[in-house]
2 protein chains.
Amino acid sequence: MTGQVRTVDGRVAGRRGQETRQKLLDCLREMLSTSPYRDVKVIDVARMAGTSPATFYQYFPDVEGAVLEIAEEMAKDADTLKELVAGKSWAGKSGPTTSEELVDGFLAFWRKNDAILRVVTLGAAEGDKRFFKIRMTVLNAVAKPLADSVKELQAKGQADKSLDPNAVAGALVSLLASAAEHQKAFTSWGVKIKDLKPNLAPLVYLGVTGKKPPK
Amino acid sequence: MTGQVRTVDGRVAGRRGQETRQKLLDCLREMLSTSPYRDVKVIDVARMAGTSPATFYQYFPDVEGAVLEIAEEMAKDADTLKELVAGKSWAGKSGPTTSEELVDGFLAFWRKNDAILRVVTLGAAEGDKRFFKIRMTVLNAVAKPLADSVKELQAKGQADKSLDPNAVAGALVSLLASAAEHQKAFTSWGVKIKDLKPNLAPLVYLGVTGKKPPK
DNA sequence: ACTTGTCCTGTCATGCCGTCAGCTTACCGT
DNA sequence: ACGGTAAGCTGACGGCATGACAGGACAAGT
């Protein structure tokens with residue numbers, strides 16, 4: 001399906017080539033989490049990987065191209081986020097638990113991939129279609145099943161039908177993404193990192209069900 | 001208070017100098033809204049302003065330095081956002097109105113400054129203290145008075161006291177910021193731009209008061 | 001006209017970008 | 001074992017951005 005990995009000039013990459021390629025991606029990932037995106041240079045990545053800039057250009061058209069590669073890898077991984085919502089119950093006592101686990105899982109995922117997600121978020125905001133698509137893949141992993149949950153609750157008459165389920169789910173996921181990306185902001189508002197989950201979870205519950213969480 | 005504008009090498013800028021400086025800032029602003037941040041080069045800004053790179057470096061240490069200047073200007077402007085919340089009532093029929101006006105005003109501000117806010121957001125996420133501070137100034141213009149409103153409602157027994165007002169206000173502002181920055185995401189979820197306000201406003205109301213908005 | 005201080009730019013050293021030709025290395029069939 | 005072929009890597013190069021400086025242009029006051 002995906003075909004073999006190819007170099008920029010069309011050759012197929014063998015074992016050694018793939019290793020080098022992967023090493024470059026790993027080093028780029030590392031650089032992204034230590035330097036501002038604007039200052040990440042091909043030569044630095046190549047140096048860190050113990051190779052030359054020319055080698056980098058064998059495998060990637062430019063820094064952005066390589067970043068996209070990393071981002072796509074991460075987007076695949078985001079598929080596991082679905083399980084945080086799909087099939088979970090929002091009724092009774094299990095509701096708040098579902099909400100907490102969702103918040104926790106999402107924040108953990110974002111924290112784990114924060115460097116690459118920063119760049120993806122920027123690219124998407126700048127209108128780059130490729131980054132936008134990747135960002136939607138990640139958000140949709142949660143937003144789609146979440147919207148389904150809202151629809152289900154509405155059908156059962158357990159939630160306000162005047163709200164658009166897609167809008168609600170989207171807004172909640174946006175909130176989680178924003179909170180994850182800017183945890184420090186909450187610290188400056190006097191909310192400790194460990195208090196983030198207990199404070200966000202009731203809001204998510206509130207958004208999904210339209211009701212205050214039970215004690 | 002602010003002292004005169006100075007060049008990088010310490011001279012005070014006169015009338016003509018300030019004009020050139022301002023023109024460079026305007027052109028940079030323009031560039032930021034048309035090219036990816038990573039690709040904005042000093043030479044392009046200088047060319048657009050009809051001057052030379054050397055002139056740019058007379059007034060700014062680098063692109064980032066000039067961006068900070070623009071961002072600080074915008075942060076001052078954000079002060080007007082306070083009036084969207086301060087002194088507004090969340091009781092009865094005026095509650096939903098307050099909520100709608102807040103959403104509307106905030107989205108409008110973000111849209112107006114989206115290019116520069118994108119860079120500020122990135123800088124803050126990357127841990128740059130200067131950008132972080134500017135971002136907090138903008139968000140706090142809404143978050144502080146919003147937290148006060150929540151506290152007030154809690155004191156009157158009209159809202160759930162188990163929630164931290166600062167966390168709630170912060171989360172709601174984060175949501176608005178994220179929604180404003182990524183409006184296209186909502187479009188892809190089937191929520192039209194013009195439907196964004198009517199969908200976000202009830203959520204804000206819900207977050208602040210803990211109650212469903214009245215019909 | 002002369003002086004003074006502001007303002008701009010030509011020029012230069014440095015360093016990254018992105019490409020190519022060419023060398024080395026690994027694999028494979030005979 | 002050996003030669004052929006394709007993969008893999010890099011030195012080197014022209015081009016461009018960066019950032020510093022010195023000197024020339026310019027405006028304003030005397």
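Letters A, B, ... are given to chains in the order of the sequence lines, protein chains preceding strands, and every chain is numbered from 1.
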Atom-pair distance (NZ on K41(A); P on dA17(D)), nearest Å:
12 Å
Side chain to side chain donor-acceptor pair (under 3.5 Å) pairs, two or more places apart, involving residues 112-134 of chain A:
E64(A)-R130(A), D77(A)-K112(A), D128(A)-R130(A)
Which ones in residues 42-50 of chain A lie close to DNA chain D, meaning a heavy atom under 4.0 Å from one of its atoms?
none
Taking salt bridge (Lys or Arg N to Asp or Glu O under 4.0 Å) as the definition, give me every residue that meets it alongside R21(A), ordered by chain and number, with sequence neighbours left out.
E69(A)
Tell me every residue that passes ring-ring contact (aromatic ring centres under 6.0 Å, His included) with W110(B), counting only those two or more places apart in sequence or in another chain.
F106(B)
Would you say T7(A) places a side-chain N or O within less than 4.0 Å of OP1 or OP2 belonging to dG8(D)?
no
Is the shortest side-chain heavy-atom distance between I134(A) and M74(A) below 4.5 Å?
yes
Check for a donor-acceptor pair, side chain of S99(A) on one end and backbone N or O of A201(A) on the other, with a separation under 3.5 Å.
yes
Say whether, by atom type as modelled, one donor and one acceptor occur between the side chain of S178(B) and the main chain of S174(B) under 3.5 angstrom.
no
Who passes salt bridge (Lys or Arg N to Asp or Glu O under 4.0 Å) against D44(B), sequence neighbours left out?
R47(B)
Mind listing the side-chain donor-acceptor pairs of residues 180-198 of chain A below 3.5 Å, one per line with the distance, residues two or more places apart or on another chain?
unit_1, atom_1, unit_2, atom_2, d
H182(A), ND1, R135(B), NH1, 3.4
Q183(A), OE1, R111(A), NH1, 3.2
T187(A), OG1, Q183(A), O, 3.4
W189(A), NE1, N140(B), OD1, 2.6

Which residues satisfy the side-chain hydrogen bond (donor to acceptor under 3.5 Å, both in side chains) test with E72(A), sequence neighbours excluded?
none
Provide, to the nearest angstrom, the distance between the CG atom belonging to D9(A) and the P atom belonging to dA21(C).
11 Å
For DNA chain D, find the residues of residues 52-65 of chain A with a heavy-atom distance under 4.0 Å and give them by number; none if there aren't any.
S52(A), A54(A), T55(A), Q58(A), Y59(A)
Residues at least two apart in sequence or cross-chain that pass salt bridge (Lys or Arg N to Asp or Glu O under 4.0 Å) with K144(A), listed by chain then number, are none
Would you say R38(B)'s side chain and V40(A)'s backbone share a donor-acceptor pair under 3.5 angstrom?
yes
Close N or O pairs between protein and nucleotides 25-28 of chain D (under 3.5 Å):
none

I'd like to check the side-chain hydrogen bond (donor to acceptor under 3.5 Å, both in side chains) partners of T7(A); sequence neighbours left out, ordered by chain and number.
D9(A)
Please list, by residue number, the residues of residues 21-40 of chain A whose heavy atoms come closer than 4.0 Å to an atom of DNA chain D; answer none if no residue qualifies.
none
To the nearest Å, how far apart are R6(B) CZ and dC7(C) C1'?
16 Å
So, S35(B) side chain and L32(B) main chain: donor-acceptor pair closer than 3.5 Å or not?
no
